[in-house]
Structures are given as structure tokens and as C-alpha cells.
Amino acid sequence: MKKESPHLARCEAPSLELLKRGVGLLETEAELEAKLEKSRRTGTPLRVKLGIDASGPDIHLGFAVPLRKLRQFQDAGHIAVLIVGDFTGKIGDPSGRSRTRPQLTDKQVQENVKRYRELAFEILDPARCEFRYNSEWSDKLSGSDIINIAAKYTVARIIEREDFKTRLDKGIPLHMHELLYPLFQGYDSVAVRADIELGGTDQYLNFLVGRALQREFGQEPQVVMTMPLLIGLDGKLKMSKSYGNYVSIKDSPEEMFGKLMSIPDDLITDYFRLCTNRTEEELKKTEEQLSSGENPRNIKAELARDIVTIYHSADDAGRATEEFDRVFRQKGLPDEMPEFAVPADGVNIVELVAKAGLLPSKSETRRKLREGAIYLDGERIKDVEFTVRLESESRILKVGKRRFLRLTKG
RNA sequence: GGACGGGUUCCCGAGUGGCCAAAGGGGGCAGACUGUAAAUCUGCUGGCAUACGCCUUCGGAGGUUCAAAUCCUUCCCCGUCCA
């Protein structure tokens with residue numbers, strides 16, 4: 001039996017409707033229907049390609065959007081073909097980038113992929129999964145092979161992309177290897193004979209290169225399906241590891257809940273649409289609640305709960321909700337906090353905070369003392385020379401709103 | 001290959017001999033407020049030192065000077081135009 005998937009919308013067999021839900025651009029719907037129909041008729045599963053950027057060993061909510069879509073295809077009987085971009089990773093995807101990305105080393109890629117694989121199976125069904133490295137074929141291409149591929153696409157079509165154009169206009173470096181990136185990524189589709197390619201909107205033009213190359217190599221062109229990009233916690237840029245505005249699917253329930261509560265209010269519906277299994281009607285209802293003056297905080301809490309439930313459990317979500325209320329609304333204490341042993345004769349407050357690693361330096365600690373950000377058992381400490389002693393069993397040191405330290409006897 | 005312009009702190013970007021740990025903005029952190037780690041307002045934002053002050057930082061390496069991000073030499077890198 002298939003493993004129960006929390007990534008499927010409730011009460012629905014994967015249908016064309018479901019597969020199309022939440023999809024931004026679809027190139028083309030007619031081709032998709034034809035491919036699905038053919039697959040049903042011949043009993044041959046479709047090969048759905050998803051590229052993995054091996055730049056970091058983490059999967060965040062933004063990347064989970066296409067992964068969850070991929071899971072729906074798996075549940076409809078198709079094959080997920082995950083392509084680890086170990087070769088293209090060495091180029092660095094220029095999409096949406098205003099500067100050249102650092103090239104990854106083999107070792108970095110290997111480490112990242114190992115963890116990636118584990119994480120991907122949190123969402124995907126391993127039984128219907130094919131994991132491929134694009135170095136398998138890309139490394140084998142000879143110079144003349146590369147020329148041959150490059151000859152099938154024009155410079156004008158490559159540099160029509162916004163990101164390249166801006167860089168050229170602004171005089172920001174654009175390197176030769178970056179121009180090749182779309183070609184290699186497109187060639188992946190040829191190599192794995194992809195029927196469908198999934199990904200974020202920013203990948204659209206890359207995917208079209210895949211279509212073009214497949215045609216050139218005598219294959220039926222892949223259907224291109226892009227998902228809207230999830231905006232990150234800052235409310236401005238797309239969610240991405242390198243912008244540090246992300247929620248990892250491996251974040252602890254509390255962490256995940258807290259981060260989600262920090263998204264700007266007007267992102268609530270987007271997050272519901274892209275990260276949860278809410279249906280369109282449910283989304284409409286939420287939108288009405290929001291516009292009718294219902295406190296967005298409560299709706300956001302619902303959202304956070306939903307998402308924590310998907311990646312952890314309903315129980316964890318409940319606990320995270322409670323803790324959030326306790327710590328931030330009632331200014332109480334979290335369940336768990338790091339501990340620090342205080343010597344019998346006491347320790348200077350600045351030493352203590354720096355040693356415990358609550359703040360990066362002593363200068364910073366002095367600054368925070370001046371700002372009134374440091375509390376001992378709820379009492380604000382401003383004196384740089386204050387000595388912390390342990391009169392009772394344990395005391396609580398708090399820095400800012402969210403950093404806690406339990407002081408114990410040392 | 002030639003001419004010109006440029007490389008500044010986490011990012012962008014001002015600064016052409018001392019008043020420069022370096023304007024301004026962004027980001028980050030904190031405080032107030034609150035409906036939340038939202039929004040808004042305010043403050044802080046290299047390190048060490050209770051403090052005097054000391055140390056590290058303006059592409060790299062040398063040099064001039066009492067004193068250099070600023071001047072000189074050389075090297076590396078980027079851009080524009082020309083070839």
C-alpha cells in the first residue's frame with residue numbers, strides 16, 4: 001500500500017483538475033491532456049522531471065511547492081524523475097540573479113545531495129522516484145557535443161531573459177558559462193526523456209529551452225508546468241536559502257510556527273494556497289474573513305498550525321501554538337531552553353552572555369545592556385558590571401524577545 | 001591590444017592626506033507600542049577594554065609621510081568604448 005500522503009488535497013483522487021491546481025504557467029494544457037490520455041491507454045507512466053539545485057543541504061517551504069505537486073503526479077501513478085544538478089550546480093543557476101553565483105565543488109555537492117535525498121522523501125514516495133545526477137551525461141559530453149547543442153539555440157533567445165538583460169544593461173559581469181546554463185539544463189530533459197517538467201516560475205525560460213532541444217533531438221517536447229514562487233519571510237524576495245528568508249521543512253515545530261507568524265499579513269492567502277491543502281472554496285472563505293476585519297493574527301496562527309501539521313503532526317502543531325502564545329503573548333517561558341552553569345562566586349553579566357553564546361561579542365552585549373534588552377528573572381539589567389549569582393535553584397536570563405538561558409549551579 | 005572609468009564595512013553606496021570605524025540607504029538586532037517574531041515609531045549596528053585608549057577593516061603587495069580609504073609604484077580583478 002502506498003504511504004499516506006499529507007501532501008494530497010483531501011477526498012480527491014488525483015485528477016486533471018487536481019494536477020492543474022496551483023499551477024502558474026502550463027505549456028500546453030492540450031499537450032498535458034494528450035500525454036495523460038496516452039499514458040492511461042498504454043499503461044505507461046509519465047516521466048515528470050524536477051531539477052534539484054544542490055547549492056544547499058536543505059529543503060524549504062518554497063521548494064516544497066513543486067515537490068508536493070510532484071507527489072500528486074506520483075499518486076496518480078507517474079514517475080518522479082529528480083535531477084540533481086551536480087553538473088549545472090558547478091555553473092550556478094543564473095535565473096533571477098544579478099551576479100555570478102559561486103561555483104560549487106564536487107564535495108559540497110555530494111554532501112548536499114545526501115541530505116537532500118533524505119529530505120525529499122519526507123514528501124515524495126520513494127517507490128515511484130528516480131534519482132539522477134546530471135553529471136551522468138553532462139560530464140560525458142565532448143567538446144564537439146557541446147558545440148552541437150549550442151548550435152541549436154540562439155544567443156538572442158538566451159539573452160532575452162530579464163536577468164541577463166539587466167546585467168548587460170547595468171554593466172554587471174555575465175560570464176560565458178552562465179549563458180550555457182539553460183542549454184545544459186534543457187539537455188537534461190533530452191537525457192531523461194522527460195514528459196513533463198515542473199518547477200518555479202523563474203525556471204520558465206529554462207524549461208522552454210528543454211522543449212526546443214527535445215524537438216531538435218527528435219523527442220516529443222515536454223509539457224512545462226511552473227508553480228508560483230513562494231515569497232519568503234521578509235515579504236519581498238522569493239523564499240531562498242541564500243536570502244535567509246526561509247522555513248526549512250526540518251525546522252522544529254516551534255521554529256516553524258514562529259517563522260510563519262512573522263510573515264507579513266498580506267502573504268497569508270498565498271501561503272495557504274501554496275503550502276497547505278486548502279481548497280479554493282476554503283481559500284475564498286479565508287479571504288472574506290481577512291477583509292471583514294477578522295484579526296489576521298488568528299488566521300495566521302491557523303496557517304502556521306496547518307503547515308506544522310503537514311511536516312510534523314497535529315500534536316506538535318498544538319504544542320507549538322501553546323508555546324507561541326505563552327512566550328510572545330503572555331511573555332512566558334518556552335518549554336526548552338539551553339542551560340548554563342554559573343560558578344558559586346558568580347559571574348559578570350557580560351562574560352556570561354558572551355560565553356553562553358547568546359550574543360556574538362562582548363561589545364554587542366554591552367550595547368544590548370544599554371538598550372535594555374537583557375533581563376534576569378524578568379528584571380531588566382543595565383549595569384555592565386552586574387554580577388550574576390545563583391541564589392535559588394535556577395534563574396532565567398533573557399536576551400531580547402526570543403533568546404532564553406536557564407542558569408544552573410556550576 | 002588601446003583609451004577611459006571602477007574595486008570601500010553583511011549588501012548597495014558616499015568619501016581624494018589628519019575632524020574616518022568611514023555619510024546615506026538596505027538588511028540585521030533591540031526598545032516602545034501592539035494583534036504576532038505583522039505594521040509603525042525610536043535607537044543601535046567591527047573587535048578588545050569599566051574607562052584613557054588599543055587593535056583589525058576601504059582589491060593584493062610594497063613605498064612616501066609625523067599621519068593614507070585618500071598620494072606614488074606594481075600586481076590582480078571588473079566595466080564601457082575602440083580595435
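Letters A, B, ... mirror the listed sequences (proteins, then strands); counts begin at 1. A quick note: this is a predicted structure, and the numbers were derived from the prediction, not measured.
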In whole angstrom, give me the gap between the C1' atoms of G46(B) and U64(B). 29 Å
Under a 3.5 Å limit on both distances, the Watson-Crick or wobble mate of U45(B) is G27(B)
Remember a base hit wins even if backbone is also touched, and classify Lys382(A) as base, sugar-phosphate or nothing at under 4.0 Å, heavy atoms. nothing
Please give the distance between the P atoms of G47(B) and A23(B) as a whole number of Å. 15 Å
NA contact type, Tyr271(A), heavy-atom cut-off 4.0 Å: base, sugar-phosphate, or nothing? nothing
To the side chain of Arg367(A), which of C29(B), G47(B), G31(B) is closest? G47(B)
If you only use heavy atoms from C-beta on, which nucleotide in C29(B), U36(B), G31(B) is closest to the side chain of Arg380(A)? G31(B)
Taking Arg47(A)'s backbone N and O only, do any of them form a donor-acceptor pair with Gln222(A)'s side chain (distance below 3.5 Å, no angle check)? no
Round to the nearest Å and state the distance from Glu294(A) atom CD to U36(B) atom P. 14 Å
Strictly below 4.0 Å: does Tyr243(A) bring a side-chain N or O up to OP1 or OP2 of C10(B)? no
Restricting to non-hydrogen atoms, name the atom on Ile59(A) and the atom on Ala120(A) that form the minimum distance, rounded to 0.1 Å. CD1-N, 3.6 Å
Any-strand Watson-Crick or G-U partner of U50(B), both distances under 3.5 Å: none
Proximity to the side chain of Arg366(A) - top-ranked nucleotide from U36(B), A37(B), A49(B): A49(B)
Contact class for Lys362(A) vs. all strands (heavy atom < 4.0 Å): base, sugar-phosphate, or nothing? sugar-phosphate
Nearest to the side chain of Arg297(A), which nucleotide is it out of G27(B), A37(B), U36(B)? U36(B)
Are any side-chain N or O atoms of Lys331(A) and backbone N or O atoms of Val327(A), one a donor and one an acceptor, separated by less than 3.5 Å? no
Checking all strands, does Gly258(A) fall into the base, sugar-phosphate, or nothing category for heavy-atom contacts under 4.0 angstrom? base
Can you tell me how far P of G35(B) sits from CD of Gln289(A), to the nearest Å? 19 Å
Go nucleotide by nucleotide along RNA chain B from the 5' end; which of Glu385(A) and Leu168(A) gets its closest nucleotide reached first? Glu385(A)
Carboxylate-amine/guanidinium proximity below 4.0 Å for Arg132(A) and Glu130(A): yes
Output for pair (Leu229(A) CG, Thr201(A) OG1), nearest 0.5 Å, gives 4.5 Å
Which base, if any, makes a Watson-Crick or G-U wobble pair with A61(B), both distances under 3.5 Å? U73(B)
Working for ring pair (Phe, Tyr, Trp, His ring centres under 6.0 Å), residues Phe184(A) and Phe87(A): CA-CA 9 Å; Phe184(A) 282 110; Phe87(A) 182 87; 5.0 Å; yes
Using the rule given for ring pair (Phe, Tyr, Trp, His ring centres under 6.0 Å), can you reason through Phe217(A) versus Tyr187(A), listing the C-alpha separation, both sets of side-chain angles and the distance that settles it, and then say yes or no? CA-CA 10 Å; Phe217(A) 282 90; Tyr187(A) 184 73; 5.7 Å; yes
Which nucleotide in G35(B), C78(B), G47(B) has an atom nearest any side-chain atom of Pro296(A): G35(B)
For the pair Arg193(A) and Glu220(A), find out whether any cationic side-chain nitrogen is under 4.0 Å from an anionic carboxylate oxygen. no
Base, sugar-phosphate, or nothing for Ser361(A), non-hydrogen atoms under 4.0 angstrom? sugar-phosphate
Paired with C66(B): which nucleotide, if any, by Watson-Crick or G-U wobble criteria at under 3.5 Å for both distances? G18(B)
The side chain of Lys368(A) is closest to which nucleotide in this list: A32(B), A37(B), C29(B)? C29(B)
Between P of A37(B) and CZ of Arg403(A), the distance in whole Å: 14 Å
In whole Å, what separates the C1' atom of U65(B) from that of G2(B)? 35 Å
Can you tell me, in whole Å, how much space there is between the C1' of C55(B) and that of A37(B)? 36 Å
Which whole number of Å gives the distance between the P atom of A51(B) and that of U45(B)? 14 Å
If the threshold is 4.0 Å, N to carboxylate O, is there a salt bridge linking Arg297(A) and Asp325(A)? yes
Without decimals, in angstroms, what is the distance between Glu364(A) CD and G43(B) C1'? 13 Å
Of the listed nucleotides C29(B), A37(B), G27(B), the one nearest the side chain of Arg402(A): A37(B)
Strictly by Watson-Crick or wobble contacts shorter than 3.5 Å, is anything paired with A32(B), and which nucleotide is it? U40(B)
Checking A32(B), C48(B), U36(B) against the side chain of Ser363(A) (C-beta onward), the nearest is C48(B)
Hunt down the Watson-Crick or G-U wobble partner of U9(B), both distances under 3.5 Å, from any strand shown, or write none. none
In whole Å, what separates the P atom of G27(B) from that of C78(B)? 31 Å
Among G31(B), C44(B), C78(B), which is the nearest nucleotide to the side chain of Ala373(A)? G31(B)
Nucleotide forming a Watson-Crick or wobble pair with C4(B), both distances under 3.5 Å: G79(B)
Report the residue (Asp265(A) or Leu359(A)) whose heavy-atom-nearest nucleotide on RNA chain B is the more 5′ of the two. Leu359(A)
Describe the nucleic acid contact of Arg370(A) in one word from base, sugar-phosphate, nothing, applying a heavy-atom distance below 4.0 Å. nothing
So if I take every side-chain heavy atom of Lys401(A) and compare against A38(B), G31(B), G27(B), which nucleotide ends up nearest? G31(B)
Separation of the P atoms in G6(B) and U50(B), to the nearest angstrom: 44 Å
Specify the separation, in whole Å, of atom CE of Met261(A) and atom C1' of U36(B). 5 Å
With heavy atoms under 4.0 Å as the rule, sort Lys398(A) into base, sugar-phosphate or nothing. nothing
Could you tell me how far apart Ile381(A) (CD1) and A30(B) (P) are, to the nearest whole angstrom? 18 Å
Would you mind reading off the distance between Phe328(A) atom CZ and C33(B) atom C1', rounded to a whole angstrom? 17 Å
If we take the P atom in both A14(B) and G5(B), what is their distance in whole Å? 16 Å
Could you check how far CG of Leu233(A) sits from P of A38(B), rounded to whole Å? 11 Å
